[in-house]
2 protein chains.
Amino acid sequence: MATIEDVAKLAGLSRTTVSRVINNHPYVSQTKRQQVLHAMKELGYVPNSSARSLRNQRTGIIAVLIPRVTNLFFSKFIETLEITISKSDYQLIVCQTQYSKEKELTYLDLLKTRQIDGVIMASLENDWKEVHPYLQYGPIILVNEYEEKADVPTISLNQKRGAYEATEHLIKLGHKRIAYCCGQHKSNVAKEREKGFKQALIDYQLIIDEELTYRKADDIESGREIIKSIIHLQKPPTAIFTGSDEVAAGIIAEAKRVGWSIPENLAVVGFDNQPIAELLQPPITTVHQPVQEMAEKAALVLFNKIHNKVSTEILSLPLKLIIRASTVGEESEVKEMVSR
Amino acid sequence: MATIEDVAKLAGLSRTTVSRVINNHPYVSQTKRQQVLHAMKELGYVPNSSARSLRNQRTGIIAVLIPRVTNLFFSKFIETLEITISKSDYQLIVCQTQYSKEKELTYLDLLKTRQIDGVIMASLENDWKEVHPYLQYGPIILVNEYEEKADVPTISLNQKRGAYEATEHLIKLGHKRIAYCCGQHKSNVAKEREKGFKQALIDYQLIIDEELTYRKADDIESGREIIKSIIHLQKPPTAIFTGSDEVAAGIIAEAKRVGWSIPENLAVVGFDNQPIAELLQPPITTVHQPVQEMAEKAALVLFNKIHNKVSTEILSLPLKLIIRASTVGEESEVKEMVSR
DNA sequence: TTGAAAGCGCTAACAT
DNA sequence: ATGTTAGCGCTTTCAA
């Protein structure tokens with residue numbers, strides 16, 4: 001591997017001059033610049049990034065913390081994030097916490113050891129007081145997940161409002177017994193959604209029934225389980241609000257299996273607006289989250305932080321309800337369209 | 001930020017001794033070890049990884065190249081890969097080539113600049129002669145994708161066999177006009193599947209009709225497009241083999257929209273065995289790929305390469321056909337079960 | 001406009 | 001068992 005020294009020798013110049021050429025510094029004559037460029041090419045020289053990192057105190061790498069990558073919400077987030085930061089020649093280290101506090105802290109250690117220039121936390125397992133000390137080692141921003149006590153830039157989605165609108169939609173369709181089911185990992189996202197859901201019930205004078213509340217649903221299988229439990233209820237719900245399209249898909253599949261019609265026997269609302277939401281029979285009414293905007297904004301804000309532009313931006317992006325046949329069946333849809 | 005020097009001073013010892021403690025070297029007395037440990041704790045000392053990388057010529061980071069992360073096949077691969085390598089304290093940089101040759105080479109440059117210790121290529125855009133020179137900078141292994149000319153460890157899936165079995169399944173159900181549709185990015189994966197598909201037709205004396213061959217289908221939308229094209233054919237196919245469950249899902253959704261029954265009017269085979277395959281109406285017959293095993297094996301093989309254990313392993317893992325109602329309708333399924 | 005030299009923080013060969 | 005010292009490859013003062 002050729003070093004800067006080798007290039008300097010071959011070009012008959014000093015390391016300094018070579019470095020100047022590498023970094024596009026002024027005060028290098030055209031002739032010498034050419035000599036250096038030529039020597040670099042001849043040797044196939046490429047600067048060693050560990051040496052640069054050590055010297056410059058920056059690695060050009062950032063880390064993103066998520067629970068797991070096989071969740072379309074997070075993979076979409078990472079897709080956009082990686083594309084965005086790579087435009088600035090940054091690399092992305094993916095850190096799956098798997099909902100573990102210990103793993104989360106282990107990944108934050110990357111900041112301590114200076115392996116990365118900054119962290120985007122798209123999930124949060126620990127109490128903020130555990131995370132806070134890491135701020136002395138480098139910038140951290142909170143995205144998607146959020147935390148009152150956190151004194152860092154935060155980009156979140158208006159989960160409460162999103163959940164409220166979805167619930168209101170069900171209420172306006174005449175539903176009075178609405179089940180709630182979301183994931184639960186001490187996440188504020190889940191908490192805010194629950195707030196929005198309950199607020200809607202309150203605003204429309206409906207009763208909140210804890211029997212109809214499920215808090216550990218986060219995949220297809222758990223959706224199925226919920227139906228298995230619901231069918232034994234004396235007074236089953238007529239509608240159900242869920243925290244993800246996957247859960248909704250599981251619910252719909254199992255409900256159909258036991259002979260229920262959707263939405264006649266049970267109206268179902270999903271969350272995320274994943275591609276499958278449109279494909280299922282019936283297509284799922286769901287809440288679209290602007291993941292891409294969130295990722296782009298996250299990259300921007302973290303870069304600002306890294307370059308010491310002091311920002312403590314707190315941003316909340318709006319969600320959007322997308323109405324499909326899992327709440328408004330074919331017939332009622334027609335009716336509604338006519339009535340417009 | 002405390003350095004090793006600070007720790008040494010505080011402990012009243014040399015940098016060497018501190019380094020020995022950090023790296024668990026022998027020949028450090030218990031007393032001094034304790035002194036060092038104590039000083040480290042007091043200063044909140046953590047070794048600087050850039051300095052270690054520079055000195056040790058290893059970064060503890062590997063890169064994985066994929067087209068994009070929002071594809072369940074690849075996100076599942078990355079999920080398992082990250083979990084596996086993190087057990088050995090390695091970090092994973094995700095590189096999305098977006099099917100671009102230039103981007104692929106840019107990411108391979110990480111090897112040149114020594115930002116990473118090795119590369120797992122789960123996709124391949126360039127000709128091997130473009131990639132080959134990078135081997136002098138560090139280990140590269142090929143996973144999923146493969147290439148005759150490549151002189152590197154390769155872990156692939158037996159795509160030809162998988163496609164053959166899926167096609168044979170359709171033939172045995174009595175289909176004679178079978179459409180083929182796969183993605184095409186000069187990928188050998190696609191080529192091998194096509195070979196398997198055609199071999200099956202040949203073995204059963206069926207005609208290969210180029211009119212029924214689609215080669216740029218890789219998402220839901222392209223599946224829909226294919227149906228739009230097929231319905232205008234004079235002699236439409238009675239079955240269709242696809243390269244992904246997403247394409248199959250698009251085909252099924254659109255076919256139903258135009259009033260076709262699946263599998264009565266068109267039998268559909270997917271690929272990947274994604275969770276949605278089971279949820280759709282009808283559930284999709286598909287080919288399961290052992291992604292997790294592949295990822296675990298990939299980590300193992302790359303680590304071996306990194307530690308100079310010379311292996312040029314070429315491995316091919318088997319695929320498995322999973323039969324569901326998109327090829328074998330409810331009734332025929334019953335028949336078949338009875339006939340067993 | 002160019003170069004000499006110090007030093008980023010660490011490890012290892014060598015000496016004791 | 002412990003310390004001295006050279007150097008990994010780079011950038012940046014400082015001096016010329």
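Note on naming: letters A, B, ... go to the chains in the order of the sequence lines (proteins, then strands), and numbering restarts at 1 for each one. Below, each value reflects all heavy atoms present in this structure, side chains not excepted, and no hydrogens, waters or symmetry copies. Not measured: the values here are computed from a predicted model.
- When side chains are defined from C-beta on, B/Val64 counts as touching B/Phe77, because their heavy atoms get closer than 4.5 Å.
- Residue B/His25 places at least one side-chain N or O under 4.0 Å from the OP1 or OP2 atom of C/dA12.
- One N or O on the side chain of B/Asn188 and one on the backbone of B/Tyr146 form a donor-acceptor pair closer than 3.5 Å.
- The closest side-chain donor-acceptor pair between A/Tyr137 and A/Asp109, if any, does not fall under 3.5 angstrom.
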Each nucleotide of nucleotides 4-9 of chain C classed B (base within 4.0 Å of a protein heavy atom), S (only sugar-phosphate) or -, in 5' to 3' order, makes BBBBBB
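- Both B/Ser19 and A/Val28 sit near DNA chain C, but only A/Val28 has its closest nucleotide nearer the 5' end.
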TODO: Would you check, one step at a time, whether the test side chain to side chain contact (heavy atoms under 4.5 Å, CB included) holds for B/Leu110 with B/Val119?
DONE: CA-CA 9 Å; B/Leu110 294 173; B/Val119 173; over 6 Å; no
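- Straight-line distance from the CD atom of B/Glu5 to the C1' atom of D/dG3: 12 Å, rounded to whole Å.
- The interatomic distance linking A/Arg58 (CZ) with D/dC10 (C1') rounds to 14 Å, in whole Å.
- In this model, the phosphate group of D/dT2 is approached by a side-chain N or O of B/Lys32 to a distance below 4.0 Å at OP1 or OP2.
- Using a 4.5 Å cut-off on side-chain heavy atoms (C-beta onward), A/Ser86 and B/Tyr107 make contact.
- Between A/Asn23 and the phosphate of D/dT11, there is a side-chain N or O to OP1/OP2 separation shorter than 4.0 Å.
- Residue B/Leu13 contributes atom CG, which lies 11 Å from atom P of D/dT4 at whole-angstrom precision.
- Between B/Tyr27 atom OH and C/dA15 atom P the separation is 17 Å, expressed in whole Å.
- Each of A/Glu104, A/Glu102, A/Lys101 was evaluated against A/Asn126; a single residue qualifies, A/Glu104, per the side-chain hydrogen bond (donor to acceptor under 3.5 Å, both in side chains) test.
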